[in-house]
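Encoded as structure tokens, the structure appears first; notes follow it.
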Amino acid sequence: MTRHQGVCRPRASEDGWGTVLLLVRLRRGIVGEARRVVHLVPVPTEHVPAVLTAYCGAEIVPGTAEVLSCFTGVPCTPCLAAAPLPEDDR
């Protein structure tokens, strides 16, 4: 998995890249500290919708979240379970 400026790119088969993922966490004051987990949000390929949806189903409204430059903090377990896996090198 390649990481750069808050974007994770799991490797895929045909084009060499998989789904581009954003690391997103709701801002302080939007939710309590216990709910400020790091969500995985697939970057839309067609157009940018008004609301981004994380793999767990959480809706991220503009201005309520921050894009992280690296994976830090507590991950959203449902996002991790639903996110695509990179291909195995074997």
Side-chain angles (χ1 to χ4, degrees):
M1 189 174 307
T2 303
R3 294 181 186 180
H4 179 70
Q5 298 295 335
V7 178
C8 288
R9 295 181 180 176
R11 287 192 320 263
S13 55
E14 297 170 16
D15 63 355
W17 293 102
T19 303
V20 177
L21 304 175
L22 293 175
L23 304 172
V24 179
R25 179 173 56 197
L26 293 175
R27 294 185 183 279
R28 281 190 166 87
I30 301 294
V31 294
E33 284 299 312
R35 292 190 52 217
R36 291 189 68 227
V37 295
V38 180
H39 292 283
L40 298 173
V41 178
V43 174
T45 56
E46 300 290 319
H47 68 283
V48 179
V51 175
L52 295 174
T53 304
Y55 279 110
C56 69
E59 294 183 339
I60 312 295
V61 178
T64 63
E66 58 189 348
V67 177
L68 302 175
S69 61
C70 63
F71 210 114
T72 182
V74 178
C76 172
T77 304
C79 277
L80 290 177
L85 296 174
E87 285 187 2
D88 193 353
D89 283 338
R90 295 179 219 174

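Under the 4.5 Å side-chain heavy-atom criterion for ILVMFWY residues, a single connected hydrophobic cluster contains both Leu21 and Phe71. No continuous path of hydrophobic side-chain contacts links Leu40 to Val37 [ILVMFWY only; heavy atoms under 4.5 Å]. There is no path of hydrophobic side-chain contacts, each under 4.5 Å, that joins Val61 to Ile30.
Residues Pro42 and Thr53 approach most closely at CD-O, 3.5 Å, considering heavy atoms. The nearest pair of heavy atoms linking His39 to Cys56 is ND1-SG, 3.4 Å. Smallest separation of non-hydrogen atoms from Pro44 and Pro49: CG-CD, 3.4 Å. For the pair Arg25 and Gly73, the tightest heavy-atom approach, listed with the atom from each and the gap, is NH1-CA, 4.5 Å.
Salt bridge annotation for Arg36-Glu66: present, with a cationic side-chain nitrogen under 4.0 angstrom from a carboxylate oxygen.
Put simply, the side chain of Tyr55 does not reach to within 4.5 Å of the side chain of Val41, judged on heavy atoms. Taking the side chain as every heavy atom from C-beta outward, Leu68 and Val38 approach each other to under 4.5 Å. The closest side-chain heavy-atom distance from Val43 to Leu52 is not below 4.5 Å.
Within a 6.0 Å radius of CZ in Arg35, other residues, nucleotides and ligands contribute 12 heavy atoms or fewer.
Rounded to the nearest 0.5 angstrom, Cys76 SG and Leu23 CG are separated by 12.0 Å.
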